[in-house]
Novice: 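First the structure, then my questions, so here it is.
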Protein chains: 2
Amino acid sequence: MGPTIKDVAKAAGVSITTVSRVLNQYSDVNPKTRTKVLKVVEQLGYRPNSVARSLVMNRTNTVGLVVSDLSRSRNGHHFMFDVLCGINDRVQELGYDLVLFSTSTTAQKKTPYLDFVRQRRVDGVLMMGIRLDDPYTHEVVEASVPSVLIDVPLISETCSYVTTDSVVGAKLAVEHLLELGHRRIGFVNGHAQAAVSKERLQGYRIALEAAGMAFDPELVYYGNFEQEDGANGTAELLRKFPDLSAIFFASDLMALGALKYLQTHSLPVPNSLSIVGYDDIELASLMQPALTTVRQKRYEMGQSAAETLIRMLEQNEKGRGIVLPPELVVRETTGVHEETTSDI
Amino acid sequence: MGPTIKDVAKAAGVSITTVSRVLNQYSDVNPKTRTKVLKVVEQLGYRPNSVARSLVMNRTNTVGLVVSDLSRSRNGHHFMFDVLCGINDRVQELGYDLVLFSTSTTAQKKTPYLDFVRQRRVDGVLMMGIRLDDPYTHEVVEASVPSVLIDVPLISETCSYVTTDSVVGAKLAVEHLLELGHRRIGFVNGHAQAAVSKERLQGYRIALEAAGMAFDPELVYYGNFEQEDGANGTAELLRKFPDLSAIFFASDLMALGALKYLQTHSLPVPNSLSIVGYDDIELASLMQPALTTVRQKRYEMGQSAAETLIRMLEQNEKGRGIVLPPELVVRETTGVHEETTSDI
DNA sequence: CGTTGTATCGAAAACGTTTTCGATATCTAT
DNA sequence: ATAGATATCGAAAACGTTTTCGATACAACG
């Protein structure tokens with residue numbers, strides 16, 4: 001293959017120690033020999049072998065991104081890709097390489113987290129799409145290699161997380177609906193093994209109770225963030241509560257499924273039912289009518305995750321939690337609730 | 001950190017050579033010592049250091065995926081993510097790690113391709129989103145490390161490509177429009193530095209000429225695959241050709257932009273204008289009306305790319321081209337062209 | 001002139017593997 | 001019993017770096 005440091009040393013008439021010194025900007029090398037070495041490096045087109053360097057330095061300058069069910073969930077598509085972009089950009093800016101691993105609950109049972117990270121020799125790991133009951137979730141917080149979780153609020157010496165505040169996100173959504181006069185508001189949540197689901201449920205409940213309304217567990221349906229779950233959820237909620245006037249969905253995809261369902265059943269949105277989604281994926285602004293939703297800054301989440309991981313690596317920072325603020329985006333799927341004549 | 005092969009050897013009372021032998025399934029080791037070693041490996045929780053292994057073997061079991069403008073283009077989003085998933089899954093199945101690099105035309109001028117790959121020590125590289133005039137495009141075909149290009153039809157000893165046949169894709173679209181009676185058909189293409197643009201233009205032209213119609217360069221507009229290009233393109237084409245009855249777009253996103261434009265100008269689709277897109281992104285089936293388009297199997301492209309790269313690595317296969325068939329998906333944005341009264 | 005300090009450099013160990021080469025012991029065939 | 005084949009193993013080199021330790025030369029200082 002290419003020339004090694006030995007070739008450079010020989011050609012420059014110095015020792016490999018000296019070559020290493022000039023390449024790593026050490027001070028104790030004569031300016032003349034420095035330029036001499038650099039010229040030879042240029043001539044030979046020498047590039048240091050990062051594998052050899054990693055071996056002796058015991059660090060790879062590489063972070064792993066493990067994502068659960070990357071190509072499985074459609075909802076993940078919209079959410080994860082932006083986060084991935086943010087991670088990738090920031091990691092690269094900070095001089096690291098990013099290696100991608102997808103996993104699944106079953107795969108995690110086969111290969112313990114530590115095996116995984118010790119073999120791959122990544123300096124740190126980012127994790128996303130993981131469930132609360134996944135094996136890795138608990139292994140990661142106790143591991144000695146730094147990590148940051150996305151949307152899983154766990155902290156340890158070596159483990160941080162970044163998320164966007166789902167309880168205020170849900171609160172924003174529900175408060176918006178309350179202001180529009182809605183009194184019976186359904187909630188189609190994500191699966192219970194997502195931390196955000198718990199938080200969104202909490203936010204939903206807080207908003208209701210702050211308005212002096214009772215929380216009714218029957219009003220919440222658990223889906224899996226996917227389109228069909230939205231349709232099924234609205235169908236069931238509407239069956240149980242014919243007087244429902246609004247539904248809050250834990251993902252835009254579920255809201256879309258609901259919208260489709262309502263349209264095929266000739267139930268106009270927002271006139272017969274107001275709906276609000278979660279995430280603000282690209283689709284949200286494009287559907288007809290455009291979806292009212294809660295925006296998460298996904299790209300920024302990725303950037304932030306990469307940044308805190310690398311700070312843990314380089315500045316020995318301890319684990320901490322970073323929570324970004326969500327943002328309500330009002331579009332066309334929410335309208336004021338017209339009181340029914342029965343009120344008179 | 002964890003135990004090394006030396007620790008295992010000592011604990012098992014054998015040499016490191018023997019440990020290496022049992023770990024790599026060599027035959028010349030006594031069954032008794034093999035089980036003994038394996039037991040010690042289990043007890044100590046030993047995992048081989050892949051960095052050390054890479055150094056001596058001179059291969060990293062890692063492939064690089066370099067993608068241009070990963071987080072820049074919205075159109076890339078829809079296209080690239082599925083390909084990425086396919087790549088990632090297949091690479092992992094075949095026992096490799098995937099490391100992600102994003103680049104850009106300007107970044108490529110700073111760091112030559114060879115520097116990049118020699119330093120990172122990847123065994124092979126996959127490339128996507130790259131332009132015909134990008135520096136890497138030509139460096140990659142002459143490099144000694146195997147590579148496969150996605151949607152750039154270049155072949156060399158060490159370089160393959162996978163793409164889906166854009167000339168038949170365009171032909172399918174245009175033939176469909178011709179069959180519906182359209183006679184003046186516009187084409188909003190992608191930028192000229194994408195190989196697929198040339199092919200789609202060719203397919204467009206072939207289909208027209210096969211129907212006995214002249215190719216008019218004035219009927220093609222060059223955009224950048226993005227939504228606003230679709231709107232601009234239709235605006236311009238409609239200005240130049242008031243009797244236009246159909247437009248073929250080189251991306252679904254441009255078709256969407258066109259649809260929005262047409263809707264705000266009260267031009268019903270497909271009644272006043274038929275439109276067909278390209279890619280069949282998720283949005284296509286979701287828009288109102290649902291988009292007629294040409295489907296590319298993106299996930300399969302990714303799988304296929306990963307597969308051929310690894311075959312080149314392991315079976316020393318030479319570079320070759322793989323072209324997948326596209327597929328016309330007829331939905332609601334194309335309708336028969338009603339002849340105008342001027343024909344009488 | 002001797003001593004100390006500084007600038008500059010090289011030899012060699014170390015990182016954790018794989019692999020080559022050879023050594024020993026056991027087995028088979030004559 | 002002996003020669004050769006085979007099974008099993010270990011010593012050591014090699015991969016390409018970084019880093020420690022010390023060596024040398026020369027200047028400055030008393």
Side-chain angles (χ1 to χ4, degrees), chain A residues 1-38 40-41 44-62 95 97 115 117-123 145, chain B residues 1-38 40-41 44-62 95 97 115 117-123 145:
Chain A
M1 294 279 294
T4 75
I5 199 176
K6 237 177 271 181
D7 302 321
V8 176
K10 194 171 298 175
V14 298
S15 73
I16 61 175
T17 312
T18 302
V19 177
S20 177
R21 270 194 271 254
V22 350
L23 292 176
N24 295 325
Q25 348 256 24
Y26 278 74
S27 60
D28 58 341
V29 40
N30 191 306
K32 266 176 236 165
T33 67
R34 154 167 287 126
T35 57
K36 169 71 177 167
V37 167
L38 287 177
V40 173
V41 164
L44 300 186
Y46 167 76
R47 300 297 142 186
N49 183 328
S50 63
V51 173
R53 174 178 281 162
S54 293
L55 179 60
V56 55
M57 309 247 297
N58 200 27
R59 66 197 304 278
T60 54
N61 254 272
T62 292
D97 284 346
D115 284 14
V117 58
R118 280 239 310 278
Q119 205 151 12
R120 257 52 175 250
R121 302 283 148 169
V122 291
D123 293 338
V145 16
Chain B
M1 294 278 294
T4 74
I5 199 175
K6 236 176 272 179
D7 302 320
V8 175
K10 193 170 300 174
V14 298
S15 74
I16 61 175
T17 312
T18 302
V19 177
S20 177
R21 270 194 271 255
V22 352
L23 293 176
N24 296 324
Q25 349 256 24
Y26 278 75
S27 61
D28 58 343
V29 39
N30 190 305
K32 267 176 236 165
T33 68
R34 152 167 288 128
T35 58
K36 169 72 176 167
V37 167
L38 287 178
V40 173
V41 164
L44 299 186
Y46 167 75
R47 300 297 141 186
N49 183 328
S50 63
V51 173
R53 175 179 278 162
S54 293
L55 179 60
V56 54
M57 309 247 296
N58 198 29
R59 66 197 306 277
T60 54
N61 254 272
T62 292
D97 284 346
D115 284 15
V117 58
R118 279 240 308 278
Q119 204 150 10
R120 257 53 173 250
R121 301 284 148 168
V122 292
D123 294 338
V145 16

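Lettering follows sequence order; numbering is per chain, from 1.
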Novice: Rounding to a whole Å, what distance do you find between A:R53:CZ and D:dC15:P?
Specialist: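 Going from CZ in A:R53 over to P in D:dC15 covers 19 Å.
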
Novice: Determine the contact category for A:D28: base if any of its heavy atoms lies under 4.0 Å from a base atom, sugar-phosphate if only primed atoms, P, OP1 or OP2 are that close, otherwise nothing.
Specialist: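 Here A:D28 touches the bases of the nucleic acid.
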
Novice: Which comes earlier along DNA chain D counting from the 5' end, the contact point of A:T4 or that of B:R34, where each point is its nearest nucleotide?
Specialist: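 The residue whose closest nucleotide sits nearer the 5' end is B:R34.
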
Novice: Rounded to the nearest 0.5 Å, what's the gap from CG on B:N58 to CG on A:N49? Could you check?
Specialist: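 The distance works out to 7.5 Å.
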
Novice: Please name the pair of heavy atoms, one in A:T60 and one in A:R121, separated by the smallest distance, quoted to 0.1 Å.
Specialist: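 A:T60 and A:R121 have their closest heavy atoms at OG1-O, 2.7 Å.
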
Novice: Using a cut-off of strictly less than 4.0 Å, decide whether B:Y26 has a side-chain nitrogen or oxygen near OP1 or OP2 of C:dT18.
Specialist: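 Checking C:dT18 against B:Y26, no side-chain N or O comes under 4.0 Å of OP1 or OP2.
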
Novice: Nearest whole angstrom, please: distance from the P of C:dC9 to the CG of A:N24.
Specialist: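 Between P of C:dC9 and CG of A:N24: 16 Å.
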
Novice: Touch check for A:T33, heavy atoms < 4.0 angstrom, all strands: base, sugar-phosphate only, or nothing?
Specialist: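 A:T33: backbone/sugar contact only, no base atoms under 4.0 Å.
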
Novice: Measure the distance from CG on A:N30 to C1' on D:dC26 and round it to the nearest whole Å.
Specialist: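 The distance from CG of A:N30 to C1' of D:dC26 comes to 13 Å, rounded to the nearest Å.
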
Novice: List the atom of A:D123, the atom of A:V145, and the distance in Å for their closest heavy-atom pair.
Specialist: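 Here A:D123 and A:V145 meet closest at O-CG2, 3.6 Å.
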
Novice: What is the distance, rounded to the nearest whole Å, between atom NZ of A:K32 and atom P of D:dA25?
Specialist: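 Interatomic distance, NZ of A:K32 to P of D:dA25: 17 Å.
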
Novice: With heavy atoms under 4.0 Å as the rule, sort B:N58 into base, sugar-phosphate or nothing.
Specialist: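 Touches nothing.
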
Novice: Look at the side chain of B:R118 and the backbone N and O of A:G45, then say whether any donor-acceptor pair between them is shorter than 3.5 Å.
Specialist: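 Pair found, side chain donor or acceptor close to backbone of A:G45.
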
Novice: Checking B:S54 side chain against B:S50 main chain: does a donor-acceptor pair fall under 3.5 Å?
Specialist: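 Between the backbone of B:S50 and the side chain of B:S54 there is a qualifying donor-acceptor contact (under 3.5 Å).
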
Novice: Taking CZ from B:R118 and C1' from D:dG16, how many angstroms apart are they, rounded to a whole number?
Specialist: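 It works out to 13 Å between those atoms.
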
Novice: Which of residues 5-19 of chain B sit near DNA chain C, with a heavy atom under 4.0 Å from it?
Specialist: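 Nucleic-acid contacts, sorted: B:I5, B:I16, B:T17.
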
Novice: Is the phosphate of C:dT18, meaning OP1 or OP2, less than 4.0 Å from a side-chain N or O of B:S20?
Specialist: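 Yes, B:S20 has a side-chain N/O under 4.0 Å of OP1/OP2 on C:dT18.
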
Novice: Please confirm whether the backbone N or O of A:K32 pairs with a side-chain atom of A:N30, one donor and one acceptor, at under 3.5 Å?
Specialist: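 Such a contact is found between A:N30 side chain and A:K32 backbone.
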
Novice: Expressed in angstrom and rounded to an integer, what is the separation of B:R21 atom CZ from C:dC21 atom C1'?
Specialist: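 In whole Å, C:dC21 C1' lies 11 Å from B:R21 CZ.
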
Novice: Rounded to whole Å, please give me the gap between CD in A:Q119 and P in C:dT17.
Specialist: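 Answer to the nearest Å: 10 Å.
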
Novice: Could you give the CG-to-P distance, from A:L55 to D:dT18, as a whole number of Å?
Specialist: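 Rounded to whole Å, this separation is 11 Å.
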
Novice: If I compare all heavy atoms of B:Y46 with all of B:I5, which pair ends up nearest, and what's the gap?
Specialist: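 Shortest heavy-atom contact: CE1-N, 3.4 Å.
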
